[in-house]
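Just below is one structure, and these are the notes that go with it.
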Amino acid sequence: MSYKSDIEIAREASKRPIQEIGDALGIPSEHLLPYGHDKAKVSQDFINSTKDRKDGKLILVTAINPTPAGEGKTTTTVGLGDGLNAIGKKAMICIREASLGPNFGMKGGAAGGGYAQVVPMEEMNLHFTGDFHAITSAHSLLSAMIDNHIYWGNEQEIDIRRVQWRRVVDMNDRALRQITASLGGVANGFPREAGFDITVASEVMAILCLATDLKDLEKRLGDMIVAYRRDRTPVFCRDIKAEGAMTVLLKDAMQPNLVQTLENNPAFVHGGPFANIAHGCNSVIATTTALKLADYVVTEAGFGADLGAEKFMNIKCRKAGLAPSVVVCVATVRAMKMNGGVAKADLGAENVDAVKAGCPNLGRHIENLKSFGVPVVVAINHFVTDTDAEVQAVKDYVAEQGAEAVLSRHWELGSEGSAPLAEKVVEVIERNDAKFETIYADDMPLAEKIQTICQKIYRADGAVMDKKIEDQLKLWEEQGYGNLPVCMAKTQYSFSTDPSQRGAPTGFTVPVREVRLSAGAGFIVAVCGEIMTMPGLPRVPSAESIRLNDAGQIEGLF
């Protein structure tokens, strides 16, 4: 049986004018800045007017470690939001924006799939409302001002060997990971080594997603450390006098983007830090605003629970004063079979033993999530090849872990297929069992925070870091940054730093290759294993298949 592609389904959507979507949330049309007919930004004035309202319940959607079989975390997020509305609840969805690099590489889009999508799908996965362009431009402005400052006398006495600020571009381009800048003679400045990260790894992106308003945004931008002097004292963005102009470039990007699902339910799509190289959550301003507008807010954290959910809890919730009422962990029968050793080509055949063999990956995530004091519901994202026996094997395993699993068919049936999941989530929330807490205290030493994540979440024997990194962490503690949380940059495919180690590995260590201070965003980044902050394109990138057809429609995007 053939099924329509995501893009075909999205094109058939019966979208309502965005003003109607805003009106259902109580957002007056004068507080919507439209981008066409189907998307708009919400004004800061309106956001400010909601501050004294009661908060709704926050639902986090996360997943097992991603596999080539597919898990469907965003699809489940959208499906659950539609399901909650279908059973009579007032619910909103909060997800991240898509990066162009993965869209043209291999990851695919960030709008959901099947009959659980946010629209307009094509625009969301391309330029959307220009937020990522604004972030790239603001970041590039600071890059230019740093080198310009050095060129015109270097009043701040920057040691050009210790410029920390890398450039960014929103594309996977491995050739830019390490470059030499300012070649070509005296007129072009002082030659130095530099490099590019992908835009979603920019500290500007992290700041936009953690800032509460424009004033907070400007302060955080000013707090960014861009370089060090010869005496090792830090040079801040405010020393270069760039934070004001950067804020101007980010003024509109700070406003959340309002769109709708295929079933015309409201969604905020705002911000997009990766979860393997950044903190992996949509913006605080979108989430906190949604909680004032709806009784239930469904949000997601990128990749598996060992990355996105851990950072959601330890960074986003800590910084924004948020507390989820329940966590939905997405798993698929196909992914369980892959974790159980089945090749991708053989996933269509029933194999209950392989499902059981792969379940420990899910079990570890459930145990980790419970350690934050939050109840867990497992969503089995249904694929048409799943058999009843395989689904039952997952349900039985989850029950043994002290959690509940629900089969959800939102991809195929929309809210009709996700209603059972929505009912279970509401039931769990109404029990009021959540007693959220982070897994480490603010005043724990930085190196110990890294060790805690590695041991408690990854189940490693520990983190391995050389004396240079330990000394750097101690220096940051002496400078007043010891209370910051840690953002682990690690492969998403495994609990370990070896992407080939599926399941629930033990007996490994986590090598910490580098640490970076994101003083403006307010966290320490620990770069582990072979993870890159600038991805590369695969041998056959998706871009080779993307084109416009004779009708002017996009083909090959999804």
Side-chain angles (χ1 to χ4, degrees), residues 10 15 17-19 21-22 27 31-47 93-105 107 109-111 118-144 167-173 196-211 213-214 217-218 220-221 242-260 266-274 278 281-287 289 543 546 548 554 557:
K15 291 181 287 186
I18 199 63
Q19 289 80 6
I21 305 300
I27 306 174
H31 286 292
L32 293 175
L33 176 62
Y35 281 70
H37 301 291
D38 52 10
K39 50 191 177 294
K41 285 187 168 290
V42 179
S43 76
Q44 185 68 52
D45 286 342
F46 175 79
I47 291 169
I93 296 160
C94 285
I95 59 175
R96 295 172 297 161
E97 300 178 53
S99 169
L100 291 179
N103 284 342
F104 291 111
K107 177 178 175 287
V118 174
V119 286
M121 183 261 240
E122 291 128 301
E123 287 97 323
M124 273 186 56
N125 286 305
L126 295 171
H127 302 287
F128 199 30
T129 59
D131 292 345
F132 280 25
H133 300 315
I135 291 165
T136 304
S137 295
H139 187 114
S140 298
L141 171 64
L142 178 54
S143 298
R167 286 165 159 80
V168 298
V169 62
D170 191 25
M171 191 54 60
N172 296 3
D173 193 347
F196 278 76
D197 293 332
I198 192 166
T199 295
V200 289
S202 168
E203 187 175 355
V204 179
M205 171 68 82
I207 286 173
L208 181 109
C209 290
L210 291 169
D213 53 33
L214 287 172
L217 175 76
E218 184 168 356
R220 287 172 177 270
L221 292 172
E243 74 274 25
M246 293 174 74
T247 304
V248 169
L249 285 173
L250 295 168
K251 177 175 65 70
D252 291 338
M254 262 296 285
Q255 300 173 126
N257 306 297
L258 178 66
V259 288
Q260 61 191 291
F268 278 152
V269 180
H270 194 221
F274 273 9
C281 309
N282 74 292
S283 74
V284 164
I285 197 169
T287 304
T289 302
I546 298 173
L548 292 175
I554 298 170
L557 194 54

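Since the model is a prediction, treat every value here as computed from it, not as a measurement.
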For the atom pair [atom1] ([X]) and [atom2] ([Y]), what is the distance rounded to the nearest 0.5 Å?
{"X": "Glu243", "Y": "Leu142", "atom1": "CD", "atom2": "CG", "result": "9.5 Å"}
{"X": "Asn172", "Y": "Ile198", "atom1": "CG", "atom2": "CD1", "result": "4.5 Å"}
{"X": "Glu122", "Y": "Asn103", "atom1": "CD", "atom2": "CG", "result": "12.0 Å"}
{"X": "Thr199", "Y": "Ile135", "atom1": "OG1", "atom2": "CD1", "result": "8.0 Å"}

Who are the side-chain contact (heavy atoms from CB on, under 4.5 Å) partners of [X], not counting sequence neighbours?
{"X": "Leu33", "answer": "Tyr35, Lys41, Gln255"}
{"X": "Ile21", "answer": "Arg16, Ile18, Leu258, Gln260, Asn264, Pro266"}
{"X": "Ala267", "answer": "Ile93, Val118, Val259"}
{"X": "Leu249", "answer": "Ser137, Ala138, Leu141"}

How far apart are the closest heavy atoms of [X] and [Y], and which atoms are they?
{"X": "Phe132", "Y": "Val200", "value": "CE2-CG1, 3.7 Å"}
{"X": "Pro102", "Y": "Phe274", "value": "CG-CZ, 3.1 Å"}
{"X": "Ala286", "Y": "Cys94", "value": "O-SG, 3.8 Å"}

Exam field: side chain [X] to backbone [Y], donor-acceptor pair closer than 3.5 Å:
{"X": "Asp170", "Y": "Ser99", "result": "no"}
{"X": "His270", "Y": "Ala253", "result": "yes"}
{"X": "Arg167", "Y": "Ser140", "result": "no"}
{"X": "Glu97", "Y": "Gly272", "result": "no"}

Under 4.5 Å between any side-chain heavy atoms of [X] and [Y], yes or no?
{"X": "Ile285", "Y": "Gln44", "answer": "yes"}
{"X": "Met254", "Y": "Ser283", "answer": "no"}
{"X": "Pro120", "Y": "Lys15", "answer": "yes"}
{"X": "Phe128", "Y": "Asn257", "answer": "yes"}
{"X": "Thr287", "Y": "Asn282", "answer": "yes"}
{"X": "Thr247", "Y": "Leu221", "answer": "yes"}
{"X": "Pro256", "Y": "Val269", "answer": "no"}

Across all chains, not counting sequence neighbours, the ring-ring contact (aromatic ring centres under 6.0 Å, His included) partners of His127 are His133
Mind listing the side-chain donor-acceptor pairs of residues 202-211 below 3.5 Å, one per line with the distance, residues two or more places apart or on another chain?
unit_1, atom_1, unit_2, atom_2, d
Ser202, OG, His139, ND1, 2.7
Ser202, OG, Val204, N, 2.9
Glu203, OE2, Ala519, N, 3.3
Glu203, OE2, Gly520, N, 2.8
Glu203, OE2, Ala521, N, 3.1

If you apply the rule side chain to side chain contact (heavy atoms under 4.5 Å, CB included), what do you find for Asp38 with Val119, and how did you get there?
CA-CA 8 Å; Asp38 52 10; Val119 286; over 6 Å; no
